[in-house]
Participant: 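To start, I am sharing the structure in question, which I have written as structure tokens.
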2 protein chains.
Amino acid sequence: MRAGSPRLLREINDRAAIEALLRNGPLTRAELEGIIGLSKPATAQLLTRLETEGTVLRNGLRGGGRGPRAQLWTVNGALAHVAAVDLTPDTIDIAIADISGTTLTEHRAPMPKTDVLEAFHSAITKTAAQAGLTPDALHHVVVGSPGAVDPATGRLNYAPHMPGWENKNIPEELEALLDTSVTVENDVNLVALEEMIAGRAIGVKDFVLLWPADAVGAAVVVNGVLLRGATGGAGEIDALQVPDHAHADTGTERTGSRYGDLLDSTAIARLARAHGVSARTGRSAVEKALSEGPAGREFLVDLARRIATGVANVIAVVDPELVLLSGEVAQAGGTTLADLVAAELRHLVVPRTPVQLALVTGKPVRSGALHSALSVVREQVFGLPAATTEPFRGPQRDERAAPTSPSAR
Amino acid sequence: MRAGSPRLLREINDRAAIEALLRNGPLTRAELEGIIGLSKPATAQLLTRLETEGTVLRNGLRGGGRGPRAQLWTVNGALAHVAAVDLTPDTIDIAIADISGTTLTEHRAPMPKTDVLEAFHSAITKTAAQAGLTPDALHHVVVGSPGAVDPATGRLNYAPHMPGWENKNIPEELEALLDTSVTVENDVNLVALEEMIAGRAIGVKDFVLLWPADAVGAAVVVNGVLLRGATGGAGEIDALQVPDHAHADTGTERTGSRYGDLLDSTAIARLARAHGVSARTGRSAVEKALSEGPAGREFLVDLARRIATGVANVIAVVDPELVLLSGEVAQAGGTTLADLVAAELRHLVVPRTPVQLALVTGKPVRSGALHSALSVVREQVFGLPAATTEPFRGPQRDERAAPTSPSAR
DNA sequence: AAATCGTCTGGAAAGTTAACAGACAGGAGT
DNA sequence: ACTCCTGTCTGTTAACTTTCCAGACGATTT
């Protein structure tokens, strides 16, 4: 820790003001006073200074009450722009926002089987053009993708579904392509981020989000911060060796199978058939089972047993407050499946960790990427701490501090 | 984030000065200037103010160079005292230190089978008396113990070896007994803390310490902070369901055994016998195997296979930078065993996490408890952040900033 | 008339730069 | 070998800067 002169105070107070403006939308000076705790003259001076710097803008007036109309202030969004990309083997989905968090444009394109880089580049360029920008004018780009980038080598591991991306320093290639700074982040991690900001994990400091799919992934949040791991591989539980606890025999190696092999679509469909539920995909198997009856129920219990073995391992290691299930199979299973998993867990581990469904709606990967990019840029531009414990939650008019006693500290 | 007046600046600077004095032992004013970055008059004024408050003390003079002898300053140790307790089923080991970190007294007593609380109380009272204190004059006590306290209920879980402690709010009982604040911390966690401060994990932000023993425990450190878990159960991998990958058959349930059952002393001895190495305890089996030859080698490889399966699970979830092995079996196995575990891991997980032996010497649990207690008290008394990223490392004369240009910032 | 907005004035708290008096070590001069 | 000077370091004091706060004042709107 280092000491500081009055200059440090100014930096602290500027940051506090900018954070308050970002979080609570346009504010009058009096409201800002109430939030950051400065006096009237100090706040006024701060705002005029930030205005001449170009950091904040006047943004209309607020009338209604007694007295003159109050000036509203916002952060100058044009200071920096970010792009968020959801990259799947099928499509590429892009959004561009300014530093204030307002989305400017969106764009969606199919992913070709060849020349992924070229498609990526042209899609970004197109989207940027819609916002009146060139790609290099973007201050940061976050790409959500399956797999995980090893921060040391830049290689994308755990991503067999991304052909042609092996043995390359992916972030470096993308940075060279766009002439901007680029981060590649695991898609499940971004979903977890979004759940933390706007989903079921608001205010939860330690949780795990499980995504059973053709590549089982998990995101681990510890102390409100995403755990990425030394090689980016935290939560990559697809390769976990677990026994198959399902009662029905589907010919799996009982002494220990890859967790992912027990939960991919065909394995789930096979398990369903062993219970007399015929379906072609995991999702339809679960949907059918829910509508059927006792036989379907038996299948769901067995599926919950499989899911629970992996979750039990994770709980034994990190003991989270909450386990969230996401992905189409889990969503199809609904609270019924979540409750079954929770019940199975009680046989396997000591903590009675609640299991819930994720509250993902819309495009969680892309929104998560957007929030991640905003966090990076706000740190760069404003010096705001990147991993804010209280994440940005968008404008919250109702929650702002009452400006009753502006001088109270 | 909130803004602040000049008063905030003073708090920040005071904390910086106190932290520097705690970390770097007695300092002259000029040295302190160099560390915290204040000017000469401000530092001098700060010190005299802290002196009249009773926070710091004059501590001799430093001569030798040109000019007058410089005044040395230290934190006033008498401001607060802490106790650290290593509580095992056999013995109770106590140390008392003041807030500056200097140990005042030590005491060791056998643990009776009955009336554990009474024994605890009298041992603490005795030790405190040696330091001229009464138990309630201790500002905080940290007890290192097997098992983990659930912060919600106060119950000690995962500790079958502590008879009579079930279904009680242990910290509450101990606090009532001593009339002080008491924390009960998992012993392996404290060992990990000590490794982070003075062992092999210095500067390592993310690591896992595995303690194979009759109750296998692990400590998980994420971002330089011990992970305790929502119910205190993080790292309690004894109950992990893992397949037994050992080649020799010892009659274990191949479809999944408790990890702990594969690694307790008798299980290890049994595995050794299956390889023709006869020994009564796990430790002696490993020692014998190391001195023997090919047969011993085969046993060690099989043991490493068993250890690696659990470690692989942990790596898949948190992907640490480093895995440390500790405990008497691991210590007996030495780097040979650590290397074998690392080799086995490469078959099981993607990250090539290094596996090393812990560097524990002396009394790691008790020292860890002491550092933990100091951290708590320093937060209470000085407002220093509890989880300092850079932990206290004791006096470091050589590392102090050169006071060449005191005004440079 | 009452409340509220924005601005202005004077003052308090914290730190910085600069200068000064005194103390000590080491080398130059006798 | 002794004395004395010089350079460096310690600690203090004084004047100035930066930042914020409390209170007052006119203007504006209901």
Side-chain angles (χ1 to χ4, degrees), chain A residues 2-17 26-53 56 58-73 402-409, chain B residues 2-17 26-53 56 58-73 400-409:
Chain A
R2 283 185 74 80
S5 357
R7 173 173 262 94
L8 172 67
L9 211 51
R10 170 147 291 181
E11 280 171 32
I12 291 174
N13 294 348
D14 282 6
R15 279 201 286 264
L27 292 174
T28 68
R29 194 221 56 239
E31 290 163 350
L32 187 60
E33 274 171 44
I35 296 173
I36 63 177
L38 282 187
S39 70
K40 188 156 49 159
T43 314
Q45 197 193 15
L46 183 151
L47 282 170
T48 54
R49 188 164 35 78
L50 290 184
E51 188 188 20
T52 56
E53 277 179 25
V56 301
R58 292 166 192 263
N59 186 290
L61 299 170
R62 162 128 71 223
R66 288 185 176 176
R69 312 183 193 293
Q71 182 66 55
L72 284 169
W73 301 87
T404 329
S405 60
S407 61
R409 284 193 303 155
Chain B
R2 283 183 75 80
S5 355
R7 173 173 262 93
L8 172 67
L9 207 53
R10 172 145 289 182
E11 281 171 33
I12 291 174
N13 294 350
D14 281 7
R15 279 200 287 263
L27 291 174
T28 68
R29 186 208 20 81
E31 290 163 350
L32 188 60
E33 273 171 44
I35 295 173
I36 64 176
L38 281 189
S39 68
K40 187 156 50 159
T43 314
Q45 197 192 15
L46 183 152
L47 283 170
T48 54
R49 188 165 36 78
L50 291 184
E51 188 189 20
T52 56
E53 275 180 29
V56 302
R58 291 165 191 266
N59 185 289
L61 299 170
R62 162 127 74 224
R66 288 186 175 177
R69 311 179 194 294
Q71 181 66 55
L72 285 168
W73 301 86
R400 71 178 172 242
T404 329
S405 60
S407 62
R409 283 192 305 153

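Basis for what follows: all heavy atoms, side chains included, without hydrogens, waters or symmetry-related copies. First the proteins, then the strands, lettered A, B, ... as listed; each starts at 1. These numbers come from a predicted model, not from an experiment.
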Participant: May I ask you to verify if any side-chain N or O of Arg10(B) is less than 4.0 angstrom from the OP1 or OP2 atom of dA14(C)?
Facilitator: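 Affirmative; the distance criterion is met.
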
Participant: Verify, without hydrogens or angle tests, whether Arg2(A) (side chain) and Ile35(B) (backbone) share a donor-acceptor contact under 3.5 angstrom.
Facilitator: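 Yes, because the side chain of Arg2(A) sits within donor-acceptor range (under 3.5 Å) of the backbone of Ile35(B).
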
Participant: Look up atom CG in Leu38(A) and atom OG1 in Thr43(A), then write down how far apart they are to the nearest 0.5 Å.
Facilitator: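 Going from the CG atom of Leu38(A) to the OG1 atom of Thr43(A) covers 4.5 Å.
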
Participant: Within the structure shown, what part of the strands sits under 4.0 Å from Gly4(B) by heavy-atom distance: base, sugar-phosphate, or nothing?
Facilitator: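 Sugar-phosphate, backbone atoms only, no base.
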
Participant: How many whole angstroms separate atom CG of Leu38(B) from atom C1' of dA13(C)?
Facilitator: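 Answer to the nearest Å: 15 Å.
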
Participant: Measure CD1/Ile36(B) against C1'/dT16(C) and give the value in whole Å, please.
Facilitator: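 It is 14 Å, rounded to the nearest whole Å.
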
Participant: Can you list the residues that meet the salt bridge (charged side-chain N to carboxylate O under 4.0 Å, His left out) rule with Arg10(A), with sequence neighbours excluded?
Facilitator: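 For Arg10(A) there are no salt bridge (charged side-chain N to carboxylate O under 4.0 Å, His left out) partners, ignoring immediate neighbours.
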
Participant: Rounding to a whole Å, what distance do you find between Glu51(A):CD and dG6(C):P?
Facilitator: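 Computing the Glu51(A):CD to dG6(C):P distance gives 12 Å.
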
Participant: Send over the distance from Leu9(B) CG to dT17(D) C1', rounded to a whole Å.
Facilitator: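 Atom-to-atom, Leu9(B) to dT17(D), this comes out as 14 Å.
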
Participant: Are Leu61(A) and Gln71(A) close enough that some pair of their side-chain heavy atoms sits under 4.5 Å apart?
Facilitator: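 A side-chain contact under 4.5 Å exists here.
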
Participant: Does a side-chain N or O from Ser5(B) land closer than 4.0 Å to OP1 or OP2 of dC21(D), or not?
Facilitator: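 It does, given that an N or O in the side chain of Ser5(B) lies less than 4.0 Å from OP1 or OP2 of dC21(D).
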
Participant: Would you mind reading off the distance between Arg62(A) atom CZ and dT4(C) atom P, rounded to a whole angstrom?
Facilitator: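 That distance rounds to 14 Å.
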
Participant: Mind listing the closest non-hydrogen atom pair of Trp73(B) and Val56(B) along with its distance?
Facilitator: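 Looking at all heavy atoms of both residues, the shortest contact is CE3-CG2, 3.9 Å.
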
Participant: For Glu11(B) and dA14(C), give me the distance from atom CD to atom P, rounded to whole Å.
Facilitator: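 Interatomic distance, CD of Glu11(B) to P of dA14(C): 10 Å.
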
Participant: Which whole-number value in Å describes the distance from Leu46(A) CG to dG6(C) C1'?
Facilitator: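 Going from CG in Leu46(A) over to C1' in dG6(C) covers 16 Å.
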
Participant: dG15(C) C1' sits how many Å from Asp14(B) CG, rounded?
Facilitator: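 It works out to 13 Å between those atoms.
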
Participant: For Glu53(A), check side-chain contact (heavy atoms from CB on, under 4.5 Å) against everything at least two apart and list the hits.
Facilitator: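 Partners of Glu53(A) by the side-chain contact (heavy atoms from CB on, under 4.5 Å) criterion, ordered by chain and then number, come out as Arg49(A), Leu50(A), Thr55(A).
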
Participant: Using a 4.0 Å heavy-atom cut-off to protein, can you give one letter per nucleotide of nucleotides 2-11 of chain D, 5' to 3': B if the base is in contact, S if only the sugar-phosphate is, - if neither?
Facilitator: -----BBBBB

Participant: Considering just the side-chain nitrogens and oxygens of Asn13(B), establish if one lies under 4.0 Å of OP1 or OP2 belonging to dA14(C).
Facilitator: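 Answer is no, no contact under 4.0 Å.
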
Participant: Considering heavy-atom distances to DNA chain D, does Leu8(A) or Gly64(A) have its closest nucleotide positioned more toward the 5' end?
Facilitator: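 The answer here is Leu8(A).
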
Participant: What verdict does the side-chain contact (heavy atoms from CB on, under 4.5 Å) test give for Leu8(A) and Leu9(B), after you've listed the backbone C-alpha separation in whole Å, the side-chain angles of each residue and the deciding distance to 0.1 Å?
Facilitator: CA-CA 8 Å; Leu8(A) 172 67; Leu9(B) 207 53; 4.0 Å; yes

